[in-house]
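First listed ligand is number 1; within each ligand, the first listed atom is number 1. None of the values given here were measured: they were computed from a predicted structure.
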Amino acid sequence: MTHPCLRCGACCAYFRVAFYWGEMASAQPGGVPDELTERRDPLRVAMRGTQQSKPRCIALQGTVTQDAHCGIYARRPSPCRDLSPAWEHGDPSPQCDRARIAHGLTPLLAEDWIALRVHQPQVTPVPRNPQ
Ligand code: SF4
Ligand code: SF4
């Protein structure tokens, strides 16, 4: 059993991911690669692909609901860092639930994390995703 986010990616193909331009690599070392963003307004940019009618972040690799994962994980923007999968740390996540349901997945349950830690106690939970 693997971390749920590593076979999901639903939130990366559901929400608009907008953030302050100062998070870009041109503004700070190790920031979000500029070429993966597009201007939203004078102060904000968005991940390319997430402003379209059927969003899919340009940095998302793999197939949503199967093996999707972030191609810039260490450099992902703050909305992605702030979105935790439901119940990973004991709290609900309505955004995670909405994205999963929209892609035909069931919302995560607290029991899913118990099962994960029983089977892979050495696995460090992967914190995740967008606004
Ligand atoms: S945070 Fe939720 S919706 Fe996003 S990849 Fe993880 S499990 Fe899927
Ligand atoms: S976690 Fe990565 S793939 Fe998902 S929306 Fe953020 S930058 Fe894009």
*Pull out every atom of ligand 2 sitting under 4.0 Å from any heavy atom of C80, numbered as shown with elements.*
1 (S), 5 (S), 6 (Fe), 7 (S)

*For ligand 1, which atoms, with element, lie under 4.0 Å from some heavy atom of C5?*
1 (S), 5 (S), 6 (Fe), 7 (S)

*Where's the contact between C11 and ligand 2, heavy-atom distance under 4.0 Å: side chain, backbone, both or neither?*
neither

*Take C80 and V17 through the side-chain contact (heavy atoms from CB on, under 4.5 Å) test and state the conclusion after the steps.*
CA-CA 8 Å; C80 308; V17 182; 3.8 Å; yes

*Looking just at side-chain N and O atoms, do R40 and Q51 make a donor-acceptor pair shorter than 3.5 Å?*
yes

_Given H3, H103, R100, identify the one with the heavy atom nearest to atom 7 (S) of ligand 1._
R100

*Just do the side-chain contact (heavy atoms from CB on, under 4.5 Å) check on F19 and R44 with the steps written out, would you?*
CA-CA 5 Å; F19 51 95; R44 293 183 299 166; over 6 Å; no

_Out of all atoms in ligand 2, which are within 4.0 Å of some heavy atom of C57? Include the element for each._
3 (S), 5 (S), 7 (S), 8 (Fe)

*asked:* If the cut-off is 4.0 Å to any non-hydrogen atom of P77, which atoms of ligand 2 fall inside it?
replied: 7 (S)

_Heteroatom test (N, O or S) for C96 near atom 2 (Fe) of ligand 1, limit 2.8 Å_ = yes

_Distance filter under 4.0 Å to C8 heavy atoms, resulting ligand 1 atoms_ = 3 (S), 5 (S), 7 (S), 8 (Fe)

*Pull out every atom of ligand 2 sitting under 4.0 Å from any heavy atom of L60, numbered as shown with elements.*
3 (S)

Which pairs of donor and acceptor atoms, one on a side chain in residues 100-111, lie under 3.5 Å apart (sequence neighbours left out)?
unit_1	atom_1	unit_2	atom_2	d
R100	NE	T106	O	2.7
R100	NH2	T106	O	3.0
H103	NE2	A13	O	2.9

*Can a non-hydrogen atom of G9 be found less than 4.0 Å from any atom of ligand 2?*
no

*Check the pair T50 / R16 against side-chain contact (heavy atoms from CB on, under 4.5 Å), numbers first and verdict last.*
CA-CA 5 Å; T50 68; R16 179 176 58 229; 4.1 Å; yes

*pair H3-E88: side-chain heavy atoms closer than 4.5 Å*: yes

*What distance separates I58 CD1 from E38 CD, expressed to the nearest 0.5 Å?*
8.5 Å

